[in-house]
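A quick write-up on the structure given underneath.
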Protein chains: 2
Amino acid sequence: MLSDVMEDYLKAIYYLEREGDAPVGTSRIAEYLEVTSPTVTSMVESLADRGFIEREKYKGVELTDEGETVAVEVVRHHRLLEAYLTEHLDYDWSEVHEEADALEHHISEEFERRVAEALGDPEVDPHGDPIPGADLTPPDEGVGTRLSEHGSGDRVRVERVSDRDAEELAYLQDAGIAPGIVLEVTDVAPFGMVTVAVGDEEQSLPETVARSIRVTTATGSEDRAVGGA
Amino acid sequence: MLSDVMEDYLKAIYYLEREGDAPVGTSRIAEYLEVTSPTVTSMVESLADRGFIEREKYKGVELTDEGETVAVEVVRHHRLLEAYLTEHLDYDWSEVHEEADALEHHISEEFERRVAEALGDPEVDPHGDPIPGADLTPPDEGVGTRLSEHGSGDRVRVERVSDRDAEELAYLQDAGIAPGIVLEVTDVAPFGMVTVAVGDEEQSLPETVARSIRVTTATGSEDRAVGGA
DNA sequence: TATAAGGTTTAGATTAGTCTAATCACGGGC
DNA sequence: GCCCGTGATTAGACTAATCTAAACCTTATA
């Protein structure tokens, strides 16, 4: 069996492959998981020995198909749990991430199945992240465009926000920005600061935050500032 | 923080204190947790150092108040999970134990609270085991008497069955024996083999199984072979 | 093209949890 | 009251995951 820690490394590599360039370097993994580089080096050696990643020394790593399947299963667990906690245990979408992180390694196939069934096999979790299907095909993680790529006057619908940072999530929730919400970019200032109109309110978002929000162009029929599923 | 493993040791000592004589010896813990005696010795040293147990060398161990509180919290998690899985995720009462064992160490206070609320703060889990309250006062684990102590003609109501052995549980479920069921002892054979009438069926139970079933004397008003909550 | 900077790996140590083999303690029976 | 068996502990080793400090590649640039 695979340890929790190994699963965490595979999940991290999965995210990092999709977020930046491949191959994924030691220090990016180290930063993401909050461990030191030598720790990552020794861990990726084991993962390569066990066939979950391809590794080229001094270059970086890439998931093999087998490693990707493991990562996708953990991601499926995570996102199903986020959806379940929100839908059936009255959690707020901004606070489910940590709970899901703790539980994702410890649920059985049976549990996964029953939770998926209770939810009616949803396609996305409360943050708008796609939930991989039971066949563990990697989902398309790149829906829409980054809010940071838009300019003044664009009306967009929020598709997806990052679930990783609790502080950021609390801020977004407070600002009324969530998946399904339609907003309009009113200004882009130096350093990428983006100002958006959400309903009657204006909010300014630092570039890092705007980059982590994925949006699609809003059609005229959609209501401003009204959330959807 | 306390590791999963340490929590498992405290939970094991909690059960063993209530099941047999105190203090609890090394080999009983070793057998219960399926590890070797030297492993237990070294682990109980750490637990004693950290104040969770009193230890007397060559004699055995006993939980301190602090250790007992930790054990009771884990037990609360376990039993709430068993109840939740049965009630809300359509699990069968005979198959929830392992899932609860895996999850009990990883749920937050918040999760515990929300699950308890969703269930309406139940007093017992699906096996009839008492669920400790949020204040973590140790519950009375000794309800009723053991089925093995009864003789021919006794009509009793099943209060509680052990949740530890999946095979035994499957057998009992198949035999129609569950908490709430009323049955009548029709025979006690050598080696403690107990024969009981459950509805129209007769079932013979080995002594070890009969000892793990706790019952109370059935009053006339109760229906035979009809389960209750 | 030589070198310095930045990232990566090696070396060596630490902690937690486990094991086997060997030694030790305690209590019952002669 | 001694001896022996059962159970407990000590001794020593191993694996997984982590760290710090030091040595090592790679690459960009001067």
Side-chain angles (χ1 to χ4, degrees), chain A residues 1-13 15-17 19-63 67 70-71 74 101-102 104-106, chain B residues 1-14 16-17 19-63 67 70-71 74 101-102 104-106:
Chain A
M1 263 307 88
L2 220 49
S3 69
D4 299 7
V5 173
M6 282 194 167
E7 289 184 354
D8 280 334
Y9 278 82
L10 294 176
K11 190 175 64 154
I13 295 164
Y15 282 125
L16 295 171
E17 277 185 352
E19 177 193 277
D21 307 312
V24 180
T26 303
S27 53
R28 273 171 77 205
I29 300 173
E31 186 187 358
Y32 190 86
L33 293 177
E34 302 185 276
V35 296
T36 62
S37 295
T39 300
V40 173
T41 298
S42 85
M43 195 66 210
V44 296
E45 268 172 35
S46 311
L47 288 169
D49 287 348
R50 300 181 60 168
F52 296 113
I53 58 180
E54 285 302 340
R55 170 163 119 96
E56 202 177 343
K57 259 174 141 179
Y58 294 102
K59 290 285 159 47
V61 301
E62 252 166 293
L63 293 174
V70 173
V74 178
D101 253 5
E104 64 189 8
H105 307 294
H106 306 286
Chain B
M1 263 305 87
L2 219 48
S3 69
D4 300 6
V5 174
M6 281 194 167
E7 289 185 353
D8 279 334
Y9 276 83
L10 294 176
K11 189 176 65 153
I13 295 164
Y14 175 85
L16 294 171
E17 277 185 352
E19 175 193 276
D21 307 312
V24 180
T26 303
S27 52
R28 274 171 76 206
I29 300 172
E31 188 188 356
Y32 191 87
L33 292 176
E34 301 184 275
V35 296
T36 62
S37 296
T39 300
V40 174
T41 298
S42 86
M43 195 65 210
V44 296
E45 268 172 35
S46 311
L47 288 169
D49 287 349
R50 298 180 62 166
F52 295 114
I53 58 180
E54 284 304 339
R55 170 163 120 96
E56 201 178 342
K57 259 174 140 179
Y58 294 103
K59 290 285 160 46
V61 301
E62 251 166 293
L63 293 174
V70 172
V74 178
D101 252 5
E104 66 190 5
H105 307 295
H106 305 287

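So that the names make sense, note that chain A is the first sequence line, chain B the second, and so on, each numbered from 1. Computed over heavy atoms, backbone and side chain alike; hydrogens, waters and symmetry mates excluded.
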So, do A:His105 and B:His106 sit near enough that their side-chain heavy atoms are less than 4.5 Å apart?
no
Between P on C:dG17 and CG on B:Leu2, what's the gap in Å once rounded to a whole number?
9 Å
Do any side-chain nitrogens or oxygens of B:Lys59 fall under 4.0 Å of OP1 or OP2 in C:dA25?
no
For D:dA16, does OP1 or OP2 lie under 4.0 Å from any side-chain N or O of A:Ser3?
no
Write down the distance between CG (B:Asp4) and C1' (C:dT15), rounded to a whole number of angstrom.
16 Å
Just the rounded figure in Å: distance from P of D:dT15 to CZ of A:Arg50.
14 Å
Among residues 35-48 of chain A, which contact DNA chain D at a heavy-atom distance under 4.0 Å?
A:Val35, A:Thr36, A:Pro38, A:Thr39, A:Ser42, A:Met43
Please list, one pair per line, the donor and acceptor atoms closer than 3.5 Å that link side chains of residues 22-37 of chain B to other protein atoms, with sequence neighbours excluded.
from    : atom 1 : to      : atom 2 : distance (Å)
B:Arg28 : NH1    : B:Asp21 : O      : 3.0
B:Arg28 : NH2    : B:Leu16 : O      : 2.9
B:Thr36 : OG1    : B:Thr39 : OG1    : 2.9

Can you tell me if B:Arg55 touches the phosphate of D:dT9, counting only side-chain N or O atoms and a distance under 4.0 Å to OP1 or OP2?
yes
Integer-rounded Å distance: D:dT18 P and A:Glu34 CD
12 Å
Does the side chain of A:Met6 reach to within under 4.5 Å of the side chain of A:Leu10, using non-hydrogen atoms?
no
Rounding to a whole Å, what distance do you find between B:His105:NE2 and C:dA16:P?
18 Å
Would you say that B:Tyr9 contacts B:Val40 through its side chain, given a criterion of any heavy-atom pair below 4.5 Å between the two side chains?
yes
Output the rounded distance in Å from CG (B:Asp49) to C1' (C:dT15).
14 Å
Integer-rounded Å distance: D:dT6 C1' and B:Glu31 CD:
15 Å
Just wondering, are more than 12 heavy atoms of other shown residues or ligands nearer than 6.0 Å to CD in B:Glu54?
no
To the nearest angstrom, the OH-P distance between A:Tyr9 and D:dA17 comes to 8 Å
Is the backbone N or O of B:Leu63 less than 3.5 Å from a side-chain atom of B:Glu17, with the two atoms forming a donor-acceptor pair by type?
yes
Can you tell me if the side-chain N/O atoms of A:Lys57 get under 4.0 Å from OP1 or OP2 in C:dT10?
yes
Would you say a side-chain N or O of B:Tyr58 is under 4.0 Å from OP1 or OP2 of D:dT10?
no
pair B:Phe52-B:Ile13: side-chain heavy atoms closer than 4.5 Å:
no
